[in-house]
Amino acid sequence: MGDFNPQDFEKKWQKVWDEKGIFNTPQRSEKPKYYNLVMFPYPSGTLHVGHAKNYVIGDVIARYKRMNGYNVLNPFGYDSFGLPAENAAIKHGNVHPEEWTLKNIEIIRNQIKTLGMSYDWNREVITCSEEYYKWTQWIFTKMFEKGLAYKKKGAVNWCPSCNTVLANEQVVNGHCERCGTEVELKQLEQWYLKITDYAERLLNDIDKLEGWPENVKTMQRNWIGKSRGAEVTFAIEGSDEKLTVFTTRPDTLFGVTFMALAPESPLVESLTKPEMKEEVSDFLKRISLEDRFKRTAEGAKKEGIFTGSYAVNPVNNEKIPIYVANYILYEYGTGAIMAVPAHDQRDYEFAKEYGISIKTVIKPADCDPDLSEKAYTEDGVMVNSGKFDGMNNRKAIEKMFDWLKENEIGNETIQYKLRDWLISRQRYWGAPIPIVYCDDCGAVAVPEEQLPVKLPKDVKFESTGKSPLVDHRDFYETTCPKCGKKARREVDTMDTFVDSSWYYLRYVNPKMSEKPFDTDDANYWLPVDQYIGGVEHAILHLLYSRFITKVIHDMGYINFDEPFKNLFTQGMIYKDGAKMSKSKGNVVSPEDTIKRYGTDSLRTYTLFIGPPEKDAEWNDSGIEGIYRFMNRVWNMYEKIIPVIKDTEYNDNIVLKTKEEKDLRRKLHQMIEKITRDIEGSFQFNTAVSGLMELSNELNSYLNNVDENIWNKELLKEIAEKFVIMLSPMSPHITEELWHKMGKDYLILDAKWPKTDKKALVVDELNIVVQVNGKVRGTVSVSSGAAEAEVKETAFSDERIMKFIKDKEIIKIIYVPKKLLNIVVKG
RNA sequence: GCCCGGGUGGCGGAACUGGUAGACGCUACGGACUUAAAAUCCGUUGGGUAGAGAUACUCGUGUGGGUUCAAGUCCCACCCCGGGCACCA
């Protein structure tokens, strides 16, 4: 058979799989469908072994499901619009983003192919291709028709380094999610998708996502941020204007001692009294120079200024001063609050700073609240609150909703933290927003027959980062699709998260030219049975995809409204304690690794490195260990194959010796374990160790039992089932060994083995014997032994008797087939 | 501050519903093979005490308490690490 040399056969089998088109999935099949999906990459250069982890996990599942009789759809593609391509064009002068991107795709495709992935390459999807972004634009126009895409002016996040606006989700602690630059606020007119219309459903349907990790679901719930509360309207003294606030704590209404407006609120202008104009405008000026993220961060100093106006508290007609305060968010609620310093820490700090009175309306059951240092935010009993006095405050909240309504003071409402999704990007390398501005007709969507709105190729990139579309006459000069008059095209492109929010649908009909996908086909294949990717997309991509799926569902194109049934988020691979990156120089390349150890070792080590959902440190001697394992397997088969070639076996193999029984039991224990590890919990690390255990046992059988009395049937059974179980992880070596055993079909078409329960039966059991809970020995009894027999055996064992004699036996606990605990005294 | 994870040998990590802690792999050490080395193979590898030795005893899963015949696993309090949210009224 020769030495183990993965280079001798890995390429060979990849070619065979490719030529046979074995991974090309039929649209329909007798078999049940299984849609297995890995998050597609942004083609920014070359992949490292950290990226590979995602694909390896996905491939194990795909191959495993296939061997279990499923028609598996396992596609791959590229999220290929985006800034790096454009930045490369700016940096390197003449490279067009498309050229740069396609070149990278080429590199990555080849890398992926050397990893032996079982993708259906006929379904490859490239989001920057005209065939794809035509349909991204189409989705936009459909949403525009429904009023789900709209343009509005407002404060937006601007990244000065990326030279574009960002969605809320793309701002992390006031910094650009991509490049880390501090984000600025700008007033701009931009396109939005109305994700807030779906807030309630996006929240509720999280409960349907049983196959999603809890942490991701929690993150999404927090991000949507639903609060139930009341809108309460306050009259303004000496004015017809009203001031409406949102509160989740209507029980504290009697404790309001001031009102506060966000500095951006237009009410500031109208409510400021002439004598306060100068001071207020000085304050606003100062605030506007401050960084908004710092200003509104928790722990920032509370600052504000009195407007001179007073509101009237509708519950008790008290006169309440109105302030402008830096801690009020204009975007949330009504941009104004009622402040209850006694029971809200933020209001408390503000009141202390400006000497505003603090009025207790909730107190602990048996004493007064201590308000000397902080607000009392616990529950308690209502006081100073008219007819609500004496009531538990939680109860009072419920009563208050009704009372406000009856007296026409306010209403129960719901607020969300989620904001609409800003999708305009002032960049070139994205799908153009398919809108034309006409002086007469306004913003008009480009009709389907004129899609795609193509990106012009003859563009020059400026070092300022300004989009070349802005000055590209041939692009922006157009005619109105409605009236035919001269009109101007929108020059902004879409956020690339729009591209990736529907790609899983395109895989179903990747080449269809008349529609984005076929409804029947989509309903057949989706939702995705297993989605695999990084946690970093917990909110962004996964929330957007859920939203777009619901929109497309509501339009009647699909019959499901959640895209991903099961989600698995894998951990990252680190090297030298840091994420792999070119700049840190700690990248482990798959090519070098494959050259040295082969693809199978790379794949299997990636799985063996630790629990797949956790981050792990790449260790060169770890992969050495896997390589040694591969070698041992190879050498074992070299011994076995000539012996078993002409042997047949079935489940009734005659086992003559204890060694044979033990060995077959080990095999079936491992079938049970490995199946459970893969199917139930994605514990590939323990699945691999199970295979190692099995190979160790087999090896010692081969070494310790004379070759003349080897049980050939048993060896054949193990030889076959072992490679089948190893094949999802190490498809090449197993394919090679499979054929060396004389098989005339691919191992991928083999059936996953089933546990033979009778192989698991043991004749002799080792029962642990404890005295007072401490292990003092084990006794061996026949598997059918009753409690009495176990006791008898234990008591006749002198090592155990040593601890019992001369002592009073209090009780004996017997756990069948496992353990005997003798409790003694004295 | 709040919400999730998680703390187990020299290291990565095992341990099903409480029932022999440390599977599997790495490292290190010892041995075999070799002129030598690499590779390979065999053995040892949580700490302590006793013993020449097989072995015996004892302590051990972040810390302190508790429940239980029995706790890495359950309960209470605390410490540390990772992640998410964070003035959302």
Side-chain angles (χ1 to χ4, degrees), chain A residues 3 172-173 213-223 225-227 229-230 245-249 252 260 262 295-302 325-329 331-340 343-347 349-350 415-419 535-536 538-539 571 605 608-611 613-626 628-629 631-632 635 672-673 676 680-681 683 685-696 699 703 766-778 799 802 810-815 817-824:
Chain A
D3 287 346
V172 179
N173 286 327
E214 213 46 56
N215 61 336
V216 173
K217 293 197 275 187
T218 307
M219 280 189 237
Q220 292 213 354
R221 285 193 190 101
N222 289 342
W223 189 260
K226 180 182 180 176
S227 304
V245 297
F246 173 76
T247 178
T248 54
R249 296 292 304 276
T252 61
R295 182 195 108 202
T296 57
E298 188 180 345
K301 191 169 184 284
K302 309 278 177 288
N326 66 345
Y327 68 98
I328 310 305
L329 301 172
E331 299 80 14
Y332 185 77
T334 62
I337 63 151
M338 57 175 232
V340 186
H343 306 295
D344 182 285
Q345 185 57 25
R346 299 155 293 177
D347 300 345
E349 286 165 28
F350 190 89
Q415 283 287 336
Y416 300 94
K417 288 195 227 174
L418 183 72
R419 316 277 157 73
V535 238
E536 64 273 18
I539 296 173
Y605 177 58
F608 186 64
I609 195 165
E613 71 280 7
K614 282 217 229 151
D615 292 342
E617 174 82 24
W618 182 270
N619 184 340
D620 286 330
S621 47
I623 192 166
E624 291 271 359
I626 292 290
R628 281 201 278 268
F629 167 65
N631 255 301
R632 279 198 297 274
N635 294 333
E672 182 103 339
K673 176 196 165 57
R676 191 179 59 225
S681 46
Q683 291 185 63
N685 53 331
T686 54
V688 174
S689 77
L691 288 163
M692 288 172 168
E693 278 183 54
L694 180 55
S695 91
N696 289 347
N699 213 8
N703 288 338
N766 274 329
I767 306 279
V768 175
V769 182
Q770 300 181 328
V771 177
N772 286 347
K774 285 189 178 152
V775 179
R776 295 302 182 186
T778 59
R799 286 168 308 172
K802 190 164 89 181
I810 298 171
K811 71 169 151 177
I812 297 178
I813 286 125
Y814 178 62
V815 181
K817 295 184 193 288
K818 268 192 183 150
L819 166 144
L820 189 76
N821 188 8
I822 304 159
V823 187
V824 297

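Everything numeric in this text was worked out from a predicted model, so none of it was measured. We name chains A, B, ... by the order of the sequence lines, and we start the count at 1 in each one.
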Point to revise | Chi class for B/G9: syn within 90° of 0, otherwise anti | key: syn
Point to revise | Rounded distance in Å - CD1 (A/I810) to P (B/A70) | key: 11 Å
Review point. What integer number of Å spans the C1' atoms of B/C79 and B/G64?
Key: 10 Å
Exercise for review: Compare the minimum distances between each of B/C42, B/C87, B/C69 and the side chain of A/Y327, then state the nucleotide with the smallest one.
Suggested key: B/C87
Revision key, fill the gap. Correct closest heavy-atom pair for A/V245 and A/I337 would be CG1-C, 3.5 Å
Exercise for review: Look at the aromatic rings of A/Y332 and A/F246 and report parallel, tilted or perpendicular, splitting at 30° and 60°.
Suggested key: perpendicular
Practice item. Check whether any side-chain N or O of A/T218 sits under 4.0 Å from OP1 or OP2 of B/C85, and answer yes or no. Key: no
Practice item. Measure from the side-chain heavy atoms of A/T247 and tell me the nearest of B/G12, B/A89, B/C69. Key: B/A89
**Study point:** Atom-pair distance (CG on A/N766; P on B/G19), nearest Å
**Key:** 18 Å
Review point. Phosphate oxygens OP1/OP2 of B/C24: is one of them under 4.0 Å from a side-chain N or O of A/N685?
Key: no
Check your understanding: Choosing from B/A86, B/A70, B/C24, which nucleotide comes nearest the side chain of A/W223?
Key -> B/A86
Check your understanding: If we take the P atom in both B/C74 and B/C4, what is their distance in whole Å?
Key -> 15 Å
Check your understanding: With a non-hydrogen cut-off below 4.0 angstrom, is A/R628 in contact with a base, only sugar-phosphate, or nothing?
Key -> sugar-phosphate
Practice item. Have a look at A/D347 and say if it touches a base, only the backbone sugar-phosphate, or nothing, with a 4.0 Å heavy-atom cut-off. Key: nothing
Exercise for review: Pick base, sugar-phosphate or nothing for A/R419, based on heavy-atom distances below 4.0 Å to the nucleic acid.
Suggested key: base
Point to revise | Inter-nucleotide P distance (B/C42, B/C24), Å rounded | key: 13 Å
Exercise for review: Indicate, with a heavy-atom threshold strictly under 4.0 Å, whether A/I337 touches base, sugar-phosphate, or nothing.
Suggested key: base
**Study point:** side-chain contact (heavy atoms from CB on, under 4.5 Å) between A/Q770 and A/I813, intermediate numbers included
**Key:** CA-CA 9 Å; A/Q770 300 181 328; A/I813 286 125; over 6 Å; no
Exercise for review: Look at all strands and tell whether A/V823 reaches a base, only sugar-phosphate, or nothing, counting heavy atoms closer than 4.0 Å.
Suggested key: sugar-phosphate
Review point. In whole Å, what separates the P atom of B/C16 from that of B/C29?
Key: 34 Å
Check your understanding: Under 4.0 angstrom, heavy atoms only, what part of the nucleic acid is A/A538 near: base, sugar-phosphate, or nothing?
Key -> nothing
Exercise for review: Could you tell me the separation between the CZ atom of A/F608 and the P atom of B/G25, rounded to a whole number of Å?
Suggested key: 7 Å
Review point. With a non-hydrogen cut-off below 4.0 angstrom, is A/G625 in contact with a base, only sugar-phosphate, or nothing?
Key: sugar-phosphate
Check your understanding: Can you name the nearest heavy-atom pair linking A/V771 to A/V824, along with the distance?
Key -> CG1-CG2, 3.9 Å
Study note, to complete from the structure: The nucleotide from B/G25, B/C26, B/C85 with an atom nearest the side chain of A/N619 is B/C26
Review point. Between CG of A/N766 and CG of A/L819, what distance do you get to the nearest 0.5 Å?
Key: 12.5 Å
Point to revise | Pairwise P distance, B/C78 and B/C3 [rounded to whole Å] | key: 12 Å
Practice item. For residues A/A538 and A/M219, report the shortest heavy-atom separation together with the two atoms involved. Key: CB-SD, 3.7 Å
Practice item. Measure from the side-chain N and O atoms of A/Y605 to the backbone N and O of A/N619, and report whether any donor-acceptor pair falls under 3.5 Å. Key: yes
Revision key, fill the gap. Parsed dot-bracket for RNA chain B after applying the Watson-Crick and G-U rules with both distances under 3.5 Å and | for other-strand partners is (((((((..(((......[....))).(((((.......))))).(((((....)))))..(((((..]....))))))))))))....
**Study point:** Spacing between A/K226 atom NZ and B/C85 atom C1', to the nearest angstrom
**Key:** 19 Å
Point to revise | Rounded interatomic separation in angstrom, taking CG from A/N703 and C1' from B/A32 | key: 14 Å
Check your understanding: Under 3.5 Å, is there an N or O donor on one side and an acceptor on the other linking the side chain of A/N215 and the base of B/C4?
Key -> no
Check your understanding: Should A/K818 be listed as having a side-chain N or O under 4.0 Å from OP1 or OP2 of B/G19?
Key -> no
Review point. So what does A/Q770 hit on the nucleic acid, given a heavy-atom distance under 4.0 Å: a base, only sugar-phosphate, or nothing?
Key: base
Practice item. For B/U68 versus B/G9, give the span between their C1' atoms, rounded off to a whole number of Å. Key: 28 Å
Review point. Within the structure shown, what part of the strands sits under 4.0 Å from A/K302 by heavy-atom distance: base, sugar-phosphate, or nothing?
Key: base
Point to revise | Closest contact, heavy atoms only, A/T252 versus A/H343 | key: CG2-CB, 4.2 Å
Check your understanding: Which part of the nucleic acid does A/N696 contact within heavy-atom distance under 4.0 Å: base, sugar-phosphate only, or nothing?
Key -> sugar-phosphate
Check your understanding: Between A/I328 and A/A262, what is the shortest heavy-atom contact and its length?
Key -> O-CB, 3.4 Å
Review point. Checking all strands, does A/I328 fall into the base, sugar-phosphate, or nothing category for heavy-atom contacts under 4.0 angstrom?
Key: base
Check your understanding: What's the CG-C1' distance between A/D615 and B/G5, to the nearest Å?
Key -> 12 Å
**Study point:** Per A/Y332 side chain, nearest of listed nucleotides B/C26, B/A89, B/C24
**Key:** B/A89
Check your understanding: Is the cationic atom of A/K302 (NZ for Lys, CZ for Arg) positioned less than 6.0 Å from the six-membered ring centroid of A/Y327 and within 45 degrees of its normal?
Key -> yes
Check your understanding: Within the structure shown, what part of the strands sits under 4.0 Å from A/E672 by heavy-atom distance: base, sugar-phosphate, or nothing?
Key -> nothing
Under 3.5 Å, which protein N or O atoms sit close to an N or O of nucleotides 54-60 of chain B? Give each pair with its distance.
from  : atom 1 : to     : atom 2 : distance (Å)
B/U58 : OP1    : A/R776 : NH2    : 3.4
B/U58 : OP2    : A/R776 : NH1    : 2.9

Point to revise | Options B/G25, B/U27, B/C87, nucleotide nearest the side-chain atoms of A/S621 | key: B/U27
Exercise for review: Could you work out the separation of B/G72 and B/G84 based on their C1' atoms and round it to a whole Å?
Suggested key: 27 Å
**Study point:** C1' atoms of B/G10 and B/U27, separation to the nearest Å
**Key:** 7 Å
**Study point:** Length of the line joining A/L691:CG and B/A14:C1', which is rounded to integer Å
**Key:** 15 Å
Practice item. Assess whether atom CG of A/D3 is packed by more than 12 heavy atoms of other residues, nucleotides or ligands within 6.0 Å. Key: no
Exercise for review: Let me know the distance between CG of A/N631 and C1' of B/G25, rounded to the nearest Å.
Suggested key: 15 Å
Review point. Which nucleotide, B/A89, B/A15, B/C85, lies nearest any side-chain atom of A/S227?
Key: B/A89
Practice item. Please state whether the phosphate of B/A15, meaning OP1 or OP2, lies under 4.0 angstrom from any side-chain nitrogen or oxygen of A/Q683. Key: yes
Check your understanding: Which heavy atom of A/D347 sits nearest a heavy atom of A/A339, and at what distance?
Key -> OD2-CA, 3.2 Å
Practice item. Using modelled atom types only, decide if a donor and an acceptor are shared between the side chain of A/N635 and the backbone of A/N631 within a distance under 3.5 Å. Key: yes
Exercise for review: Quick one: label A/V768 by what it contacts on the DNA or RNA (base, sugar-phosphate, nothing), any heavy atom closer than 4.0 Å.
Suggested key: base
Check your understanding: Which nucleotide in the set B/A89, B/A23, B/G19 lies at the smallest distance from any side-chain heavy atom of A/S689?
Key -> B/A23
Point to revise | First of A/E349 and A/A616 reached from the 5' end of RNA chain B, by closest nucleotide | key: A/A616
Review point. So which one's nearest nucleotide on RNA chain B is more toward 5', A/V815 or A/V688?
Key: A/V815
